[in-house]
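In this text the structure is predicted, and so the values were computed from the model without any measurement. Read the numbers this way: they start at 1 and go in the same order the structure lists the ligands and their atoms.
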Amino acid sequence: DPYADDPVRHPALKVNSQRPFNAEPPPELLTENYITPNPIFFTRNHLPVPNVDPDSYRLHVVGAPGGQSLSLSLDDLHKFPKYEITVTLQCAGNRRSEMTQVKEVKGLEWRTGAISTARWGGARLCDVLAQAGHQLCETEAHVCFEGLDSDPTGTAYGASIPLARAMDPEAEVLLAYEMNGQPLPRDHGFPVRVVVPGVVGARHVKWLGRVSVQPEESYSHWQRCDYKGFSPSVDWDTVDFDSAPSIQELPVQSAITEPQDGETVESGEVTIKGYAWSGGGRAVIRVDVSLDGGLTWQVAELDGEEQRPRKAWAWRLWQLQVPVPAGQKELNIVCKAVDDGYNVQPDTVAPIWNLRGVLSNAWHRVHVHVAP
Ligand code: MTE
Ligand code: MO
């Protein structure tokens, strides 16, 4: 059993698949803290978790022509200037279960919890690439990452990001060896993972073994034949994965974590809580909440850390305390966020449905009963 050596997990996690391990925190725990505690940070593994010996670990960085290839130990990586940033990581499949309700899709049934936030510490990718002699001369090039996890044929997990993002100090791409002040837990990439702020989770390659600069995107299945968006009209007979770009920056997202669908709330006052985040460093500027399915709206209070313009890498938590309108037996609670590009979420799922169930960011709706 290739999974026999997987780590022990926190019992509060809602498991979507055991082998490989995929799990999300329940909504009420997800927004209990601004920084998600490591044991309940959502986990998305495609393969068994490798057991990497930190002493013999080496990160291989392929050098530029005229530069030098690097074989970096953990100690070597610690010698680069250390950066710490708070970054929210979201899987492209977050909220896929709502797409399934429209029409069947292929993928794990994530609810609203395939998103979490941590303080990551590590070396900047641009500093490591510079030491290997790379410069931003080939503007169309890509930085390809390979994990140390592999399938029975020996194929490793892989992904890539544009060299322009990797070399941009303002993009703050990290080779992280710390998560919330601790060495990375095994499920989250021990000893080193990539953290690409503002970009889909799939590019944050865990158990990083190899970094190279290539003229083309990674040839990995997960770069080329997955994690792409399509029209609702495209099905598995007609899909052409080469016709769509790989997902990098994610669109604006928000969800309600309290109360939960089907719950009964007290009459009088209700507190509604949730999270909001946008990709590409775009800051969430507002969250609107409705109690009547979207007819009328109120503005929620944004909590958590204020984000820097163009570097809003982390989510905002939000809440709204409101009186329950007298005589209401039920509430149709809805939330939607706006980012600083004034991008908004679509109101329904059907027009953004796609066969892989990715990019599911319609208004989030929760139906609750009011106690008599
Ligand atoms: N890296 C490796 N090596 N193997 C993987 O299966 N999954 C990716 C990414 N990096 C993956 C990986 C996907 S799709 C996501 S969403 C994130 O890791 C999840 O990171 P987490 O498990 O730390 O939350
Ligand atoms: Mo993912």
- Query: Atom CZ in F230, atom OG in S243: separation rounded to 0.5 Å?
  - Reply: 5.0 Å
- Message: Using 30° and 60° as the class boundaries, would you call the ring planes of W236 and F241 parallel, tilted or perpendicular?
- Response: tilted
How far is [atom] from its nearest protein heavy atom, and which residue and atom name does that atom have?
atom                    : answer
atom 7 (N) of ligand 1  : R44 O, 3.2 Å
atom 9 (C) of ligand 1  : G201 O, 3.3 Å
atom 13 (C) of ligand 1 : A202 CA, 3.7 Å

- salt_bridge(R165, D168) N-O dist < 4.0 Å: no
- Task: State plainly whether the residues R282 and E249 are in salt-bridge range, i.e. N to O under 4.0 Å.
- Result: yes
Proximal atoms of ligand 1 relative to [X] (non-hydrogen, under 4.0 Å):
X    : value
N45  : 6 (O)
H204 : 9 (C), 10 (N), 18 (O)
T43  : 22 (O)
H46  : 5 (C), 6 (O), 7 (N), 11 (C), 14 (S)
D149 : 2 (C), 3 (N), 4 (N), 5 (C), 6 (O)
C91  : 16 (S)
V205 : 1 (N), 3 (N), 10 (N)
Y227 : 14 (S)

- Establish, yes or no, whether the cationic atom of K14 lies under 6.0 Å from the six-membered ring centre of W110 and within 45° of the ring axis. no
- Message: Does R224 qualify as a cation-pi partner of Y219, given the criterion of NZ or CZ under 6.0 Å from the six-membered ring centre and within 45 degrees of its axis?
- Response: yes
- Please walk me through it: do L72 and R58 pass side chain to side chain contact (heavy atoms under 4.5 Å, CB included)? CA-CA 5 Å; L72 301 171; R58 294 292 180 276; over 6 Å; no
- Message: For W318 together with W277, are the ring centres under 6.0 Å from each other?
- Response: no
- Query: Is ligand 1 less than 4.0 angstrom away from at least one heavy atom of R193?
  - Reply: yes
- Item | Co-membership, hydrophobic cluster, residues V128 and I161, 4.5 Å side-chain | yes
- Between F42 and C91, is any pair of side-chain heavy atoms under 4.5 Å apart? yes
- Message: If you measure every N or O of K206 against every N or O of ligand 1, does any of those distances drop under 3.5 Å?
- Response: yes
- F41, Y157, F145, F42: member with heavy atom nearest to atom 12 (C) of ligand 1: Y157
- Quick look: W207 vs ligand 1, heavy-atom contacts under 4.0 Å, and the answer is side chain
